Protein chains: 2
Amino acid sequence: MSDSRRKIVEAASRLLEEQGYHATGLSQIVEESGAPKGSLYYYFPDGKREISETALRETGQRVESNIRQILGSASSAAKGVQTLIETIGRRMEASNYQAGGPITTVALETAPDSKRLNRACQEIYNDWRVALRNRIVEDGVGGDRADRLAGTVLASIEGAMVLARTHQDRGPLEEAATSMTELIKAAH
Amino acid sequence: MSDSRRKIVEAASRLLEEQGYHATGLSQIVEESGAPKGSLYYYFPDGKREISETALRETGQRVESNIRQILGSASSAAKGVQTLIETIGRRMEASNYQAGGPITTVALETAPDSKRLNRACQEIYNDWRVALRNRIVEDGVGGDRADRLAGTVLASIEGAMVLARTHQDRGPLEEAATSMTELIKAAH
DNA sequence: GTCTATAATACGATAGAC
DNA sequence: GTCTATCGTATTATAGAC
């Protein structure tokens with residue numbers, strides 16, 4: 001992938017997380033990426049939606065990789081989820097709560113009116129969910145229950161990020177970490 | 001409160017939930033409200049932000065009232081939370097997932113750049129959380145633990161709404177309902 | 001691959017009449 | 001209380017040169 005294209009996608013990923021879809025302009029993406037202004041529609045003929053989809057999917061894969069790595073090196077699913085949520089809390093705090101969930105805002109904004117971006121968000125959330133589910137199954141929890149637990153953990157993380165960003169406080173994530181480890185342990 | 005003002009606030013509440021802050025234009029609010037176009041800046045001299053704050057706070061109180069009513073008429077906190085989440089699921093499904101969390105999208109969009117709207121969202125979330133906490137305390141759960149449980153329930157609901165809207169499926173809310181009742185029951 | 005210029009449209013907000 | 005007209009400034013996207 002060319003350098004300009006890569007820089008555009010990286011800038012878009014960050015801006016979409018921090019500001020959401022509608023508040024992020026193409027001019028700002030180009031400006032902050034440092035890429036040439038003329039290359040935007042050369043690399044992304046379909047414009048903003050194509051850039052955003054590319055950025056979302058790249059973010060999704062990066063996050064999924066982080067999830068798998070953290071869960072994989074933990075001694076149990078419960079420990080892994082706790083470490084995962086703590087890591088998210090540190091990341092949000094370090095960004096002064098400008099990071100607001102890698103795709104949450106865009107997922108909410110575009111669910112009704114962009115089939116393309118909505119599908120991307122669906123697939124990304126599904127990948128994350130599967131990663132969580134697999135680690136819980138490895139711990140010996142039955143498939144159906146592991147599935148439900150993975151969904152609850154994912155929802156709790158998403159919601160706790162919303163609250164943490166709103167309050168500029170990672171407390172909600174810490175509460176979620178405690179509750180989710182408790183819930184997973186109780187499933188055995 | 002005058003009729004035009006009330007209609008503007010009602011339309012704004014609905015549009016902000018369905019579309020978020022940046023995607024909702026003043027012209028659309030006026031148009032769908034049926035209020036006279038000239039009355040917008042008469043009732044809300046500070047413009048879009050003032051309309052939005054008013055709409056958010058009104059929505060917040062309406063939802064808080066619903067929460068208290070549902071929790072209050074339930075035989076236990078766990079049952080109440082289950083009924084609450086099921087009610088939310090039916091509401092989202094009935095709207096074809098256009099309802100996307102009464103304030104979630106706006107909370108995420110405006111957290112960084114509008115002190116005024118951010119504070120409103122903080123206070124609304126806090127009210128909801130207190131309503132949850134109080135009902136859990138009534139069930140005999142200790143204050144600290146009830147506080148954490150309320151935070152987790154709120155986060156799970158917020159996150160499950162994000163996932164439900166994204167997938168156009170109330171499954172995430174059903175999973176959250178099951179898990180949250182389990183978690184609350186385990187606290188006794 | 002990259003540039004500039006510009007089309008076409010929408011936005012929030014204000015002024016001043018009535 | 002309500003109206004219209006308008007200002008200034010964004011936006012996405014395209015055309016055509018280089």
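Throughout, a chain's letter reflects where its sequence line sits, starting with A, and its residues are numbered from 1. As the structure is a computational prediction, the values presented were derived from the model and not from experiment.
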Any side-chain N or O of [X] under 4.0 Å from OP1/OP2 of [N]?
| X | N | value |
| --- | --- | --- |
| B:S39 | D:dC3 | no |
| B:Y42 | D:dG1 | yes |
| B:S27 | C:dA10 | no |
| B:Y41 | C:dA15 | no |

>> From C-beta outward on A:K48, which listed nucleotide comes closest to its side chain: C:dG1, C:dG12, D:dT12?
In response: D:dT12
>> Heavy atoms from C-beta onward define the side chain here; which of C:dG1, C:dC3, D:dT2 lies closest to that of B:P36?
In response: D:dT2
Please check this pair: side chain of [X] against backbone of [Y], looking for a donor-acceptor N/O pair closer than 3.5 Å.
| X | Y | answer |
| --- | --- | --- |
| A:S95 | A:A99 | yes |
| B:T178 | B:E174 | yes |
| B:R129 | B:D147 | yes |

Give the rounded distance in Å between these two atoms: [atom1] of [X] and [atom2] of [N].
| X | N | atom1 | atom2 | value |
| --- | --- | --- | --- | --- |
| A:Q28 | D:dT9 | CD | C1' | 16 Å |
| A:K37 | C:dA5 | NZ | C1' | 14 Å |
| A:L40 | D:dA15 | CG | C1' | 16 Å |
| B:L26 | D:dA10 | CG | P | 17 Å |
| A:Y43 | C:dG1 | OH | C1' | 6 Å |
| A:I8 | C:dG1 | CD1 | C1' | 11 Å |
| A:D3 | C:dT2 | CG | P | 9 Å |
| A:F44 | D:dT12 | CZ | P | 15 Å |

> Looking only at side chains, do B:Q82 and B:T181 share a donor and an acceptor under 3.5 Å apart?
Replying inline: no
>> Is a donor from one side chain sitting under 3.5 angstrom from an acceptor on the other, for A:T24 and A:Q19?
In response: yes
